[in-house]
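The structure under discussion appears below in the form of structure tokens.
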Amino acid sequence: MVQIDSLLHAGYHNPTTRPWQVERTLTKGSLMYPIFITDEADAKIAIPSMPNQFRLGVNRIEEVIGPLVAKGLKSVMLFGVPSDSVKDAFGTAADDPSGPVVLAIKELKRLYPALLVSCDVCLCEYTSHGHCGHLNPDNTINNTASVKRLAEVAVNYAKAGADNVAPSDMMDGRIRAIKQGLHDAGLSHRVSLMAYSAKFASALYGPFRDAACSGAQFGDRSAYQLPPGARGLGRRAIQRDVNEGADMIMVKPAMFYLDIIRDAKELAPDHPIAAYQVSGEYAMIHHSANAGVFDFKTAVLESMTSLQRAGCNLIVTYFTPELLDWLEQ
């Protein structure tokens, strides 16, 4: 029987992921663009808290993504934004074949076969309570049930054509379960697994929760996302996810956690390291530049330099469209 921790092919099967394995300077290939997909097929809805970002319906994908692919966009990450009417306590709609993410995967792969399509794997956008997994009767997280469901969703995204799955829920043990699910489905050779390993309970997610309509209806996510000062927990989570079979390691947020990115690079020197420059970081740079605090382009490029200096091979950023214009290759 194949051991899960011996499965390496997925991390370099796709031509877009191969450069992520290499120490490099900032190029277009080291950027991943997060996009929000709504179940309103013809929608293009501006997100007030995130300048120049939209919720897109599947019929608007070509209009927005096509010009970016022409400029050199190599990868995207999909977040589903369903209507409230389909949400329930269990996140049933997360992998609905007619839901926004599955339809967007298929449309993107039809339009741009070489584009790497990554999917955020979480339940918070699809649960009526807004938490990232299933709940016990006392409203605490049911980790076992959550992991089972998350693995199902990840495998179904892979079956739909996703090249990469990226679980952001922070449940214990979900990396091993997803990796095993991909292996059992005959997909572990081509679908890579990017672990949100060190995801902290940060104030910087506010605009994202507005964009994804995914705020918790009660309590918060501090019981499963890491405390901001918990460097040791971050290190333990990184090591755990490496041992469970992650192909890539992510730290989130980015700029407030450069020490954790460096820890990730040292703890997992043979893995690509990703950082998610989250919505609050994006909004801060935009608003500060608009207020004349600094030059917009200079600040964005410096933020990229800081992340690569800390150890990133891949940066998930909403600044990708601007960077595609500024970078030569």
Side-chain angles (χ1 to χ4, degrees), residues 33-65 76-111 117-135 139 141-142 145-146 148-162 165-169 171 196 205-221 276 278-280 282-283 316 318:
Y33 187 34
I35 55 176
F36 302 97
I37 306 296
T38 178
D39 51 10
E40 301 174 44
D42 296 312
K44 184 181 179 183
I45 304 166
I47 301 168
S49 57
M50 297 179 67
N52 304 324
Q53 302 302 311
F54 302 88
R55 299 188 197 100
L56 299 176
V58 69
N59 293 341
R60 307 298 290 274
I61 285 175
E62 185 172 12
E63 169 192 333
V64 174
I65 301 302
V76 296
M77 181 179 285
L78 304 182
F79 294 87
V81 188
S83 62
D84 288 340
S85 63
V86 303
K87 297 183 180 185
D88 62 23
F90 306 107
T92 304
D95 51 357
D96 185 339
S98 61
V101 172
V102 171
L103 292 179
I105 294 168
K106 293 180 177 180
E107 180 69 357
L108 284 163
K109 297 307 290 187
R110 181 185 73 82
L111 291 168
V117 176
S118 176
C119 295
D120 178 85
V121 179
C122 197
L123 301 182
C124 61
E125 299 103 320
Y126 303 93
T127 54
S128 52
H129 46 71
H131 281 279
C132 299
H134 291 188
L135 300 180
N139 288 333
I141 282 288
N142 183 330
S146 300
K148 180 176 183 295
R149 179 67 183 129
L150 290 159
E152 292 172 352
V153 172
V155 170
N156 285 330
Y157 289 165
K159 288 179 177 178
V165 288
S168 62
D169 54 282
M171 299 298 122
Y196 285 69
Y205 303 142
F208 174 92
R209 289 171 182 162
D210 173 37
C213 305
S214 62
Q217 298 302 303
F218 53 83
D220 58 29
R221 296 172 173 132
Y276 196 142
V278 301
S279 57
Y282 175 80
V316 185
Y318 302 99

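Taking the side-chain contact (heavy atoms from CB on, under 4.5 Å) definition, one finds that Pro34 meets it with Phe79, Tyr276, Val316, Tyr318, sequence neighbours left out. Shown here are the side-chain contact (heavy atoms from CB on, under 4.5 Å) partners of Ala151, two or more places apart in sequence or in another chain: Ala177, Ile178. Here Ala166 pairs with Met77, Ser118, Asn164, Met194, Tyr196 under the side-chain contact (heavy atoms from CB on, under 4.5 Å) rule; sequence neighbours left out. Applying the salt bridge (Lys or Arg N to Asp or Glu O under 4.0 Å) criterion to Glu152, with sequence neighbours excluded, gives Lys148, Arg149. Here Phe54 pairs with Lys44, Ala46, Leu56 under the side-chain contact (heavy atoms from CB on, under 4.5 Å) rule; sequence neighbours left out.
Atom CG of Leu103 sits about 11.0 Å away from atom CG of Leu78, to the nearest 0.5 Å. The line from SG of Cys119 to CG of Asp95 is 11.0 Å long, rounded to the nearest 0.5 Å. For the atom pair CG (Leu108) and CD1 (Ile37), the distance works out to 6.5 Å, reported to the nearest 0.5 Å. For the atom pair CD (Glu40) and CZ (Arg60), the distance works out to 11.5 Å, reported to the nearest 0.5 Å. A distance of 8.0 Å separates NE2 of His129 from CG of Asn139, quoted to the nearest 0.5 Å. Residue Phe90 holds its CZ atom at 10.5 Å from OG of Ser146, rounded to the nearest 0.5 Å.
Asp39 is listed as a side-chain neighbour of Pro100, based on a closest heavy-atom distance under 4.5 Å. Looking at Tyr126 and Val86, their side chains never come closer than 4.5 Å, going by heavy atoms from C-beta outward. Taking the side chain as every heavy atom from C-beta outward, Val101 and Asp120 never approach each other to under 4.5 Å. Looking only at side-chain heavy atoms (C-beta outward), Asp96 and Val102 stay at 4.5 Å or farther from each other.
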Starting from the C-alpha separation in whole Å, work towards a yes-or-no answer on side chain to side chain contact (heavy atoms under 4.5 Å, CB included) for Leu150 and Leu123. CA-CA 7 Å; Leu150 290 159; Leu123 301 182; 3.9 Å; yes
Checking side chain to side chain contact (heavy atoms under 4.5 Å, CB included) for the pair Val153/Val165: CA distance, chi angles, key distance, verdict? CA-CA 10 Å; Val153 172; Val165 288; over 6 Å; no
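The minimum heavy-atom distance between Ile105 and Tyr157, with the atom names listed, is CD1-O, 3.8 Å. Residues Ser128 and Ala89 share a closest heavy-atom pair of OG-N, 3.5 Å. The shortest non-hydrogen separation linking Ile141 to Gly133 is CD1-N, 4.1 Å.
Applying the salt bridge (Lys or Arg N to Asp or Glu O under 4.0 Å) test to residues at least two apart or on different chains, the pairs with a partner in residues 98-109 are Glu107-Arg110, Lys109-Asp163.
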